[in-house]
Visitor: 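I am attaching a structure below and will ask some questions about it afterwards.
Computed from a predicted structure; not experimentally measured. Letters A, B, ... are given to chains in the order of the sequence lines, protein chains preceding strands, and every chain is numbered from 1. These values consider heavy atoms only, across backbone and side chains, with no hydrogens, waters or symmetry-generated copies.
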2 protein chains.
Amino acid sequence: MTHSTSAPDAAWQDLTRRWQDLADLGDIGSLLGWDQSTYLPQAAAAGRARQQSLLSGLHHARATDPEYGKQLDAAGRRTDLSPEQARMVEVARKDFEKATRIPASFVTEFSRHAGESYSAWTQARPDADFARMVPYLEKTLDLSRQAAGYFPEFKDPLDYFIEESDEGMSAEQVGQVFSELREALVPLADAVIGAGAPRRDFLAGPYPRDLQLAFGERVIRDYGYDFTRGRQDLTHHPFMTRLGGADVRITTRVKEGDPSEALYSTLHEAGHALYEQGVAEAYLGTPLGGGVSAGVHESQSRLWENLVGRSRAFWAAYFGDWRDTFPAQLAGVSEEEMYRAVNAVSRSLIRTDSDELTYNLHVITRFELERQLLGGDLAVRDLNDAWHAAYEGNLGLRAPSDKDGALQDVHWYFGAIGGAFQGYTLGNVLSAQFFAAAREAHPNIEADIARKEFGNLHGWLRENVYAHGRRFTPNELIERATGRPLSVEPYLAYLRGKYGELAGL
Amino acid sequence: MTHSTSAPDAAWQDLTRRWQDLADLGDIGSLLGWDQSTYLPQAAAAGRARQQSLLSGLHHARATDPEYGKQLDAAGRRTDLSPEQARMVEVARKDFEKATRIPASFVTEFSRHAGESYSAWTQARPDADFARMVPYLEKTLDLSRQAAGYFPEFKDPLDYFIEESDEGMSAEQVGQVFSELREALVPLADAVIGAGAPRRDFLAGPYPRDLQLAFGERVIRDYGYDFTRGRQDLTHHPFMTRLGGADVRITTRVKEGDPSEALYSTLHEAGHALYEQGVAEAYLGTPLGGGVSAGVHESQSRLWENLVGRSRAFWAAYFGDWRDTFPAQLAGVSEEEMYRAVNAVSRSLIRTDSDELTYNLHVITRFELERQLLGGDLAVRDLNDAWHAAYEGNLGLRAPSDKDGALQDVHWYFGAIGGAFQGYTLGNVLSAQFFAAAREAHPNIEADIARKEFGNLHGWLRENVYAHGRRFTPNELIERATGRPLSVEPYLAYLRGKYGELAGL
């Protein structure tokens, strides 16, 4: 390094200090949120909300500091940065634009409306009264379009929302993937469901809570989840959260009458956590220090939950321990029956309760409705009818009440319309694409799993996905890791292979 | 309210907003600390320290904002404030002076020195090498005098340190109380120890951890600790912490081989928490929203731990449950034996392991040594000899190694010399003074305790102590609540009555 770079280096140091502070403030906010979901005393919720809002204000002030904007401008003009540094500046600039372009008054108006809409929804849903929500949803749609309008570089408002969570992807790319997927999934689900359901009676238990928790923790330790840099606690809704560079925690929930709930929640959140724990240390506290997109993140939770955790190899590895842990509950149950029980497919009205195969049909339905609403091809007043029609077409069933129709999901009633759902199914698609690429590099991965050996799989994912953080865009990362762009073939091959065999098709 | 006060009222609102923000930032810092002691993953300590330091910086910047100082000046000149409001301004001004008068460079120098001194102490103590610590302690003493020097209104540096934790009290007042106390305690301890030790063999257990925890939580629920505004978790060193207006948590530790450890830690910390939970809601988030001093705080932990929890009435109430919880461990043990076991008195070298009676002699010894050091009557190089001499005089025993002499306590090796100890014994003295006053108002308090009825005691303390927060100085509060200034008689009467009877004196 020559002495001529000493002034710019001081500027770079200043930027990295700002990034570290922004990361730390974000992580402190995550601790407030984690504590709220795990251990916060009941009466302390209002005070915690005030603390959160104080902290968000401090974060926002730093994230939108005009002086910071100038530093980013200056850094953007530098020609002496490494590609990594240049990407840090690029990502920071995107975050800065997000934080500064939407006026504070609009954010306030939107969140006031979201609060009112949510509150009305909690009343309208039990009454199955969609009509009452129409004016709220119309305003939500209007505000969603306005929000997108602050980013005129996106012609389709849905593109803006997709960019927010899945950088570089577009409504057209996602729509294309989803329609290929639907064409294949609808007949596949029909055939699998037609072939009959496996027995699941033995899952009723009861299964003692502590034994369930300990079992799940043994498995994720085998996966490679590092308990010196994380922990697991109980919450109502399981989640993964980063509270610091070396602090990535997960939560789960336990049902004594269904042990698959805790086990697969734990495996799912551990997948997210393996991603975050695997980000290169040099990126922590910089704009690159986290997972790159909703879709890639979900690919890792689904990979460890489904492609590993619901595989035959997994139950070959763990059924012995499982039966030793719950001998009375599993008396007379075979490994094959266990494997089939956790892979049962059925038609259901509720997305969050649905199985690996039909889950995507729920997501695709929501995505297409969002796209029509934002594009002006569907009026809010017709949404509920469109919902029922889409469910009949995609899932072959109709909700007996509007409660489980367009009133079902909280998403549209508590935030923008757009971008909330596609990441889930992009994640499923990508989980198989990454897994296939890992298996190409390590052909024995399935045999490894059957002997609780996850080092090759975890190592490949860490090297090709986790370590990079936000270094590349999702599309770049996918191409680099798998040698091809996002594509549905590996996922369809996986589903056809697995469920074709299970259903004897 | 006339319209002429509208401008001052806006100013008042601005002050209260600042106070709420300062309280919230402090509480968020407490959450970071609580999590660090309870659930933080092992590898996350360095990141947590950085988060803490960022947050302290944010707090410090607001606490020392010159604009805030001007607002306090203006508020201090107002003649239209209520006495409560005037006290808020007075307390805020004291806090502001504390935060602004000591230069940041001095704070940095002192904490760097404290770090070096602590690190040297961790080596010197196992080697029992006091001489090695002399230069560190000399510098600590020098820095301690410098710190006090920023507050020239205190002629005696020890007065400054006492004011920091026990506002309005002085070295002279505390010294007077302590010498009265020593004169009475030395012969009393001699006599009690001379009368022989009770059996304690049945405390060895083992006592299952979960049963111990559940038992302690039942007791403090009976005391009036509100679990909707708090919780208990496990830590290495038990503590109480406020994380919000409605969030006052405690921690405890459990030894399977001594159930008195967890029980009395829980009762002690619950005493602190009852105080904090009892502060008037209107004071929360203002300068008055917390306990008033170290001494008054400790009086509440000791009252609920000792005057209640180690009383005959307590064991009359709880021995049945206790024996039902641990029937095998307590086979053949009587209520009287249990009562005597938790009130055993013995000579010991270690303050933190000592009993209700001799504990004060440890504290008095430290206090007097601190006073001589700060006053220039004792040189650091002579401290260890002075320690041994004082222990022989006050406690009748001499440490076989300097390790348990002047090297024993971390306090002098990790911070200022001055003010660290007196609060513990002031608390013991005050616990009896408050208890006696409560019993004057409710003569049946002991009979109430024997039937697990704590409403009158808790109600009296809430009304006369807890609710006031920092509204009065400690001396004012004591006089208002008990009708007399701080005095040792109630405490000596309590100890003489209890231990005289136990030892058959």
Visitor: Any idea which of Ala45(A), Ala46(A), Gly230(A) has the most non-hydrogen atom pairs under 4.5 angstrom with chain B?
Guide: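 Option with the top pair count is Gly230(A).
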Visitor: Shorter than 4.5 Å, heavy atoms on both sides: which option in Ala43(A), Ala23(A), Gly245(A) has the most such pairs with chain B?
Guide: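 Most heavy-atom pairs under 4.5 Å with chain B: Ala43(A).
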Visitor: Ignoring hydrogens and angles, tell me if any N or O in the side chain of Tyr275(A) forms a donor-acceptor pair with the backbone of Val292(A) under 3.5 Å.
Guide: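 Flag set: sc Tyr275(A) to bb Val292(A) pair under 3.5 Å.
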Visitor: Of all the residues in residues 262-270 of chain B, which have a heavy atom that comes within less than 4.5 Å of a heavy atom in chain A?
Guide: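 Result: none.
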Visitor: Would you give me the side-chain donor-acceptor pairs under 3.5 Å for residues 217-224 of chain B, sequence neighbours excluded?
Guide:
unit_1, atom_1, unit_2, atom_2, d
Glu217(B), OE2, Gln232(B), NE2, 3.3
Asp222(B), OD2, Tyr318(B), OH, 2.5
Tyr223(B), OH, Trp304(B), O, 2.8

Visitor: Can you say whether the rings of Trp19(B) and Trp12(B) are parallel (under 30°), tilted (30 to 60°) or perpendicular (over 60°)?
Guide: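 Rings of Trp19(B) and Trp12(B): perpendicular, over 60°.
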Visitor: What I'd like to find out is whether the side chain of Thr241(A) reaches to under 4.5 Å of the side chain of Leu243(A), using heavy atoms alone.
Guide: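 Yes; the side chains approach each other to less than 4.5 Å.
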Visitor: Specify whether Phe326(A) and Tyr207(A) have parallel, tilted or perpendicular ring planes, treating 30° as the upper limit for parallel and 60° as the lower limit for perpendicular.
Guide: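 Phe326(A) vs Tyr207(A) ring planes: perpendicular.
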Visitor: How far apart are the closest heavy atoms of Arg242(A) and Gly289(A), and which atoms are they?
Guide: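 Distance-wise, the nearest heavy atoms are NE-O, 3.9 Å.
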Visitor: Tell me if the CD atom of Glu256(A) is crowded by more than 12 foreign heavy atoms within 6.0 Å.
Guide: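 Correct, the count exceeds 12.
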Visitor: Using heavy-atom distances under 4.5 Å, tell me whether Asp35(A) contacts chain B through its side chain, its backbone, both, or neither.
Guide: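 Asp35(A) touches chain B through side-chain heavy atoms alone.
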Visitor: Sort Leu284(B) into side chain, backbone, both or neither according to what part of it lies under 4.5 angstrom from a heavy atom of chain A.
Guide: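 Contact with chain A involves no heavy atom of Leu284(B) at all.
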Visitor: With sequence neighbours left out, write down each residue that passes side-chain contact (heavy atoms from CB on, under 4.5 Å) with Glu67(B), or none if nothing qualifies.
Guide: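 Result, side-chain contact (heavy atoms from CB on, under 4.5 Å) vs Glu67(B): Arg18(B), Asp65(B), Lys70(B).
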Visitor: Which heavy atom in Ala75(A) sits nearest to a heavy atom in Val89(A), and how many Å separate them?
Guide: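 Looks like CB-CG2, 3.8 Å.
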Visitor: Please find the pair of heavy atoms, one from Thr64(B) and one from Ala99(B), that lie closest to each other, and give the distance.
Guide: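 Nearest pair, atom of Thr64(B) first, then Ala99(B): CG2-O, 3.4 Å.
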Visitor: If contact means a heavy atom pair closer than 4.5 Å, which residues of residues 47-56 of chain A contact chain B?
Guide: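 Within residues 47-56 of chain A, near chain B: Arg48(A), Arg50(A), Gln51(A), Leu54(A), Leu55(A).
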Visitor: Knowing that exactly one of Thr252(A), Thr38(A), Thr251(A) qualifies, which makes a side-chain hydrogen bond (donor to acceptor under 3.5 Å, both in side chains) with Thr235(A)?
Guide: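 So the option named by the test is Thr251(A).
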Visitor: I'd like to know which of Thr228(B), Val248(B), Leu40(B) tops the heavy-atom pair count under 4.5 Å against chain A.
Guide: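 Ranked by contacts with chain A, first place is Thr228(B).
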Visitor: Tell me whether Asp95(B) is salt-bridged to Arg470(B), with the criterion being a basic N under 4.0 Å from an acidic carboxylate O.
Guide: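 Salt bridge flag = yes for Arg470(B) with Asp95(B).
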Visitor: At a 4.5 Å cut-off on heavy atoms, which part of Tyr39(A) comes close to chain B: side chain, backbone, both, or neither?
Guide: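 Backbone plus side chain of Tyr39(A), per the 4.5 Å heavy-atom cut-off to chain B.
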